[in-house]
Engineer: 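A single structure is presented below for examination.
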Amino acid sequence: MPELPEVEVTRRGIEKHLVGRRLERAVLRAPSLRYPVPAGLAERLIGRRLASVQRRGKYLLLEFAGGHLLIHLGMSGSLRFVERDAPAGRHDHADFIFGARQLRLTDPRRFGALIWLEGDPFSHPLLASLGVEPLSRAFSAAWLKQALAGKRVAIKTALMDPHLVVGIGNIYAAESLFRAGIDPRRPAGSLSLARLERLVRAIKTTLNAAIRAGGSTLRDFCGPEGFGDFQARHQVYGRAGAPCPRCATTIRALRQGQRTTYFCPRCQR
DNA sequence: CTGGTCACCTGGAAGC
DNA sequence: TGCTTCCAGGTGACCA
């Protein structure tokens, strides 16, 4: 999926163009993505004004009068503006038409979600169980130190656990660990406060740089207004066999859990 | 609780 | 060319 930066870039695009506008029409074509899409949702949304767009982790919350539309992009989802009434392809599961602007949800793998929530959206189990926002002040080395105390899971696996800290996926976990000079296999609880300080800084810097670059580090990601930056900025992700940009040692790939990790065996200890 | 694995789904690339 | 296999941005569920 889009990791945090891609979702945040999407959020800003939607906020800039759609907040305050009335949803004229919605077309929901998939009966279910990761979860069932509520029947009758399209009709229920008609005529409602979009009040705000928030992000929590990799979830987007579109606030309408009377409820929130919760959107998750899964592994392969994207939200883009398309020409009004542009023909829908096989994986175009939803269209939200706001006057001249039409927002389209495309998600080939359908790991995403489209959920309607009335009342406090943050009490929904999916949101209530989420960890800390990595760009918030609450995400500090001191906090991380106690959160990881005694944990023997690899630090990279821990960083990707959304119940601990949200928004860091496979790409940014690898990139942040490279920036911090930490071996992704290190037991999470074994890192000193000083090293965690470096890691926290690296994560914030990496995410912020990606947001600034327009979000995209994915070859087929494109924000609401077009293509973002390309993967040229990746230091290690997807670069197995290539030289480390810092020391020229060959970058290695390994499997952690069900994911591929890329790292420099010399720079990362 | 913790850590590890599986499943969900489709498409593209690589291998034969 | 065509079939098979592997891999991909996430994360909830399940098991020992």
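Proteins get letters first, then strands, A, B, ... in listed order; numbering begins at 1 in each.
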Engineer: I need the CG-P distance between A:Asp161 and B:dT5, as an integer number of Å.
Structural biologist: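 One finds 15 Å between P of B:dT5 and CG of A:Asp161, rounded.
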
Engineer: 5'-most contact on DNA chain B: A:Gly150 or A:Arg109, nearest heavy atom basis?
Structural biologist: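 With A:Gly150 and A:Arg109 compared, the 5'-side residue is A:Gly150.
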
Engineer: According to a strict under-4.0 Å criterion, is A:Arg90 in side-chain N/O contact with OP1 or OP2 of B:dG11?
Structural biologist: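 Yes, A:Arg90 has a side-chain N/O under 4.0 Å of OP1/OP2 on B:dG11.
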
Engineer: B:dG11 and C:dG12: how far apart are their C1' atoms, nearest whole angstrom?
Structural biologist: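 It works out to 24 Å between them.
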
Engineer: Pick the nucleotide of DNA chain B nearest each of A:Ala149 and A:Gly257; which residue has the one closer to the 5' end?
Structural biologist: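 Final value for this comparison: A:Ala149.
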
Engineer: Share the residues that join A:Phe263 in a hydrophobic cluster, the rule being Ile, Leu, Val, Met, Phe, Trp or Tyr side chains under 4.5 Å apart at the heavy-atom level.
Structural biologist: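 The other cluster members (ILVMFWY side chains, heavy atoms under 4.5 Å, direct or chained) are A:Leu254.
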
Engineer: When clusters are formed from ILVMFWY side-chain contacts under 4.5 Å, directly or step by step, what else is grouped with A:Ile97?
Structural biologist: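 When side chains under 4.5 Å apart are linked, the cluster holding A:Ile97 also contains A:Val27.
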
Engineer: Reading DNA chain C 5' to 3', how would its secondary structure be written in dot-bracket notation, given Watson-Crick and G-U pairs with both distances under 3.5 Å, brackets [ ] for crossing pairs and | for partners on other strands?
Structural biologist: .|||||||.|||||||

Engineer: Side chain of A:Tyr35 only, heavy atoms from C-beta on: which candidate in C:dG12, C:dG10, B:dG3 is closest?
Structural biologist: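 Of the candidates, C:dG12 comes closest.
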
Engineer: Counting the atoms with a prime plus P, OP1 and OP2 as sugar-phosphate, which does A:Thr260 contact under 4.0 Å by heavy atoms, base, sugar-phosphate, or nothing?
Structural biologist: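 Sugar-phosphate, backbone atoms only, no base.
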
Engineer: A:Arg34 near the nucleic acid: base, sugar-phosphate alone, or nothing, with a heavy-atom cut-off under 4.0 Å?
Structural biologist: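 Since a base atom lies under 4.0 Å of A:Arg34, the category is base.
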
Engineer: Is it the case that the base of B:dC9 and the side chain of A:Arg110 share a donor-acceptor contact (distance under 3.5 Å, atom types as modelled)?
Structural biologist: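 A donor-acceptor contact between them is absent.
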
Engineer: Within 45 degrees of the axis of the six-membered ring of A:Phe81 and under 6.0 Å from its centre: does A:Arg101 put its NZ or CZ there?
Structural biologist: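 Yes, a cation-pi geometry.
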
Engineer: Where the side chain of A:Asp183 meets the backbone of A:Pro265, is there a donor-acceptor pair that is under 3.5 Å apart?
Structural biologist: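 Side chain of A:Asp183 to backbone of A:Pro265: no pair is present.
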
Engineer: What is the distance, to the nearest angstrom, from the CG atom on A:Leu73 to the C1' atom on B:dC9?
Structural biologist: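 Result: 16 Å.
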
Engineer: Stacking between A:Phe111 and the base of B:dC9 (centre distance under 5.5 Å, interplanar angle under 30°)?
Structural biologist: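 It does not: the ring fails the test against the base of B:dC9.
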
Engineer: Output the rounded distance in Å from CG (A:Leu4) to C1' (C:dT11).
Structural biologist: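 The distance from CG of A:Leu4 to C1' of C:dT11 comes to 15 Å, rounded to the nearest Å.
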
Engineer: By the 4.0 Å heavy-atom rule, please label A:Arg152 as base, sugar-phosphate, or nothing.
Structural biologist: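 Answer is sugar-phosphate: A:Arg152 comes under 4.0 Å of backbone atoms only.
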
Engineer: Does C:dT11 have OP1 or OP2 sitting under 4.0 Å from an N or O in the side chain of A:His72?
Structural biologist: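 It does, given that an N or O in the side chain of A:His72 lies less than 4.0 Å from OP1 or OP2 of C:dT11.
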
Engineer: A:Gln258 CD to B:dC8 C1': how many Å, rounded?
Structural biologist: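 Roughly 13 Å, once rounded to whole Å.
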
Engineer: Carefully, step by step, assess A:Val165 and A:Leu144 under the rule side chain to side chain contact (heavy atoms under 4.5 Å, CB included).
Structural biologist: CA-CA 9 Å; A:Val165 53; A:Leu144 197 54; 5.7 Å; no

Engineer: Whole Å only: how far is the CG atom of A:Leu114 from the P atom of B:dC8?
Structural biologist: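 Result: 21 Å.
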
Engineer: Between the base of C:dG10 and the side chain of A:Arg259, is one N or O donor paired with an acceptor at under 3.5 angstrom?
Structural biologist: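 By the distance-only test, yes, there is a pair.
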
Engineer: Check the distance between C:dG12's P and A:Leu33's CG and give it to me in whole angstrom.
Structural biologist: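 Checked: the CG to P distance equals 16 Å.
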
Engineer: I'd like to know if A:Leu126 and A:Phe122 are part of one continuous hydrophobic network [Ile/Leu/Val/Met/Phe/Trp/Tyr, side-chain heavy atoms within less than 4.5 Å].
Structural biologist: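 Linked, A:Phe122 and A:Leu126 end up in one cluster.
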
Engineer: Take the protein atom CG of A:Leu60 and the nucleotide atom C1' of C:dG10, then report the distance between them rounded to whole Å.
Structural biologist: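 The answer, rounded to whole Å, is 14 Å.
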
Engineer: Determine whether A:Leu103 and A:Val82 fall in the same hydrophobic cluster, where Ile, Leu, Val, Met, Phe, Trp and Tyr are linked whenever their side-chain heavy atoms lie under 4.5 Å apart.
Structural biologist: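 In one cluster with A:Leu103: A:Val82, no.
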
Engineer: Expressed as a whole number of angstroms, how long is the span from A:Met75:CE to B:dG12:C1'?
Structural biologist: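 Going from CE in A:Met75 over to C1' in B:dG12 covers 14 Å.
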
Engineer: Determine whether A:Lys145 and A:Leu196 satisfy the following criterion, side chain to side chain contact (heavy atoms under 4.5 Å, CB included), listing intermediate values before the conclusion.
Structural biologist: CA-CA 7 Å; A:Lys145 181 76 180 160; A:Leu196 290 176; 3.7 Å; yes

Engineer: Respond yes when some side-chain nitrogen or oxygen of A:His163 is under 4.0 Å from OP1 or OP2 of C:dG12, and no when none is.
Structural biologist: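 Answer yes for this pair, as a side-chain N or O of A:His163 is under 4.0 Å from OP1 or OP2.
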
